[in-house]
Amino acid sequence: MSVLSSEVIAQIDQWIQKYPPEQRRSAVLPGLLMAQEANGGWLSADVITAVADYLNIPPIAAFEVASFYSMYELAPIGKHKISVCTNIACQLAGCQTIIEHLEQRCATQLGATSADGQYTLRSVECMGACIHAPMLEVNKQYHENLTLEKVDALLSQLTNEGASS
Amino acid sequence: MIDIEINGIALKAPLGASIIEVADANGISIPRFCYHKKLSIAANCRMCLVEVDKVGKPLPACATPVTANMKVFTQSPKARDAQRAVMEFLLINHPLDCPICDQGGQCELQDNAMTYGQDFSRFDESKRVVVDKDIGPLIATDLTRCIQCTRCVRFGQEIAGLRELGALGRGEKMSIGTFVEQSLVSEISGNIIDLCPVGALTSKPFRFKARPWELNQHASISPHDCLGTNLYIHTRNGDVMRVVPRDNEAINETWLADRDRYSYTALKSPDRLTQPCIKRNGQWQVTDWTTALATAADNLMAINAQHGSDALAMLASPISTSEEFALFAKIAKHLKVTQFDHRIKTQDQRDQTILGHYLSTDTTIVALEDCQVALIVGSHLAQELPLALTRIRKASLQGAVIHALNPAHYEFNCTLSSNVTCAYEQLVTELASIVKAVLLQRPDRGYDALISSLQLKELTPSAAHLKIAEDLLNPSNERKIILLGQLADHHPDAALLRALCLTLNTVANVRYFFITDGANSTGGAIAQHLQNNISKPYATWVNNAVHAYVLLNLEPDVDCAHSGALVKQLKQAECVIAISAFDSAQLRESATILLPAACFTETSGSFANIEGFQQCFAASVAAPGDSRPGWKILRVLGNLLKIAGFDYVSSDDIAQELQAELAQKPLTAAVATIEPLTALLSLNKKCPTESLTLFSDWAIYRGDNIVRRAMPLQQALSQQACGIYMNSATAKQWPTALTLSTIDDRIADHNAFIPAGFAHSTELQQQLFQSLTIKPTHD
């Protein structure tokens, strides 16, 4: 049983085809993302090694990439990863209040995962939605023009989704 | 060549060279951290910024190629400003802990800070701290001091071909580290200590032992492999403190294998033999040199008179110096001893009667990196000659075709066209099939007779053999080399393997490179050659009952092929004189007289490398206790044996005499005379599936009595402990009750591998065959 499922391999193969054959390693960014998604949102050493082996690069080269970008998680994370922009526009629009509210509601700190394993709070740089600052991203969905009420509504929605699924 | 100007000095420079290369070639100093002449350009430290006329911003000298009429200023206000600013940035996060840093006094950052830095800091904020990683017993890390030049990362990727270190994280949080916390496995990892411009990577055994300004530097030569690596011994108050590389482009470039870098740690081993000892009535007694040598000489003369010269045998380790070999051979000649050899690890020298003694290569070490085709046979090259592999790797990166043929799927850290794994006993037939494929593709030359006389008739070359032959015969490939490794050299059919190589040499102009043991197998061959080849190969007489032995620099139980048989004979002998730097319980069981010898760094002499190139060295430190240089011991022994003309005052006297003799009768490359060689060929047609074949070879840090006692190297070796290695299918077919079995799927089918050089290696080989529940059909 290989670490990477056949679905993930197929996805990586699609990306490999987009590059010249001798530049197989170019698929390392999407490759790690696919593998991360299939692995519950984080990259274990085994998964990184498997991606590196598949792309014929040294494991340390894949690990360099994984450690460089903030979208890769190197430890298990909560069910919902909430990425709050803390760049200048969101700062000016009051993201600090949003963060404090999130920390209180999710019972965790920015950069950490809640004890019940539901939420991971991340501070991220600009995601290009400054016009509707402050904003956050969760489950690939942007939530903009945030207010405390909107955050509450979002959290209840996430909790309900968790209960119904 | 184009004209450029640096600091107003008109210079000629090759087109395409970088500013820093031109400046270095002309002795103009430009500060740098990330640039290194042997590594790729990273241009990430920015320390080498210089001003270029008509260019607005300062440019990095390492990454800027020179152009015609370029005017460069390395010391202009603009350049100095840029350099000072970069220096200030580099020092922001540097701990400035020079007083407790091992690099202090030999630090590029410290040196450049003296010239380009300021004597105050504007940085009041807290500095970053990086957690140190444990990367093994050889290299200490202090990553807070790292300035992220990435030389160590590039070394692994480009030179070693084994990328173990990487730059992790980003921005201010970037740090150097390994993927999972692990020891570096590269055989040349220690070079990153020299490459590191700061104290982030330092030598673990040398750590906190000495300051560079307290050290004296002595040029020397490594005793461990046949390249003859140039090195510097650093000493303080008569103690060797460390070993560092000495540049020699023709041999080791700027690199040093870990084996050569750390073997000095054995010099202070508690095993050092420091007093002459004699065994009387089964009891060891310490004695003085006069008594010990007189007893030794009397014993030799008495046994020679009573039983004749066939009752004597003399064995020398291939790490002995040429001067020791010369005196050893002269003593052997005087006593008419024919049982005399240095090829103690080999089993087959049948070709000696045809070829005599010859140089082990007809090409050069440098040629390894220029070759277009290389065929590596019976060699774990990364462990045998780590620095030869870096040359092969360079050839590979330039597009050379590399093939390997081995009894295990060894890694070569470079791209191979084929890496054929065959059973150990099939090495000869595999190589013969390649030779036949070559002959078949050369119908123009009429090799039909050769094909039948070589007994190649029954062989059918496979597609892989034909591909290798095709590469060897491709007219666009002019520079072709076949390397025979130590697995081949120690093979029971080594003479056949060499004969086949020499056939390729004649038929297809393939140069040969026969890797030999120790630093001075060539010196041993020269000594025998000058004594007219009177000696018989070791393997032919090891089982003979002999009354007296002289052993030079070796431990019979772990240094020799057929060590079980040898030790048995030694125990029955009347007199065994062991000249050795190290003591051991096994040696005391076998020997009757122990003469303490000086070790590597303690004796003067010379080593002849694989090319036959003699390199002299002086003693760097005095030998401990009463031990004496081997040549002095042999000289006095010669005097006591009343050999005429044995009045050498220094090792130089012997070296001069040796050179004069060698000028009269030089050792030349093997002249392949195929017809006599074919007489040797009786190919092994044994069906491998019916038997289990055991093969053995010395583990990387077990090859001589010095490395075996270098503790840091032994710790690094721990992954390859003594045991029985088989692939999973073979282990299933040949179940053994021995717990030391390890599954290693690199090993060929029906083969078992036991590393030699360990105390239990020989015993384990016997135990393996006794423990097999199914008995092999042979042996």
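Order of the sequence lines sets the chain letters (A, B, ...), proteins ahead of strands, with each chain counted from 1.
- B:Arg170 contributes atom CZ, which lies 5.0 Å from atom OG of A:Ser70 (distance to the nearest 0.5 angstrom).
- If you measure heavy-atom distances from B:Glu164 to chain A, the contacts under 4.5 Å come from the backbone alone.
- Contact of B:Leu162 with chain A is not made at all, since no heavy-atom distance falls under 4.5 Å.
- For A:Arg24, the CZ atom counts as densely surrounded, since its 6.0 Å shell holds more than 12 non-hydrogen atoms of other residues, nucleotides or ligands.
- If you measure heavy-atom distances from A:Ala66 to chain B, you find no contacts under 4.5 Å at all.
- The distance from the CD1 atom of B:Ile176 to the CD atom of A:Glu64 is 8.0 Å, given to the nearest 0.5 Å.
- Looking at every heavy atom in both residues, B:Phe179 comes nearest to A:Ala45 through CZ-O, 3.5 Å.
- The environment of NZ in B:Lys173 is sparse: at most 12 heavy-atom neighbours from other residues, nucleotides or ligands sit within 6.0 Å.
- Counting heavy-atom pairs closer than 4.5 Å to chain A, the top residue among B:Gly177, B:Gly169, B:Gly156 is B:Gly169.
- Distance check, rounded to the nearest 0.5 Å: CD1 of A:Ile60 to CD of B:Gln182 gives 8.0 Å.
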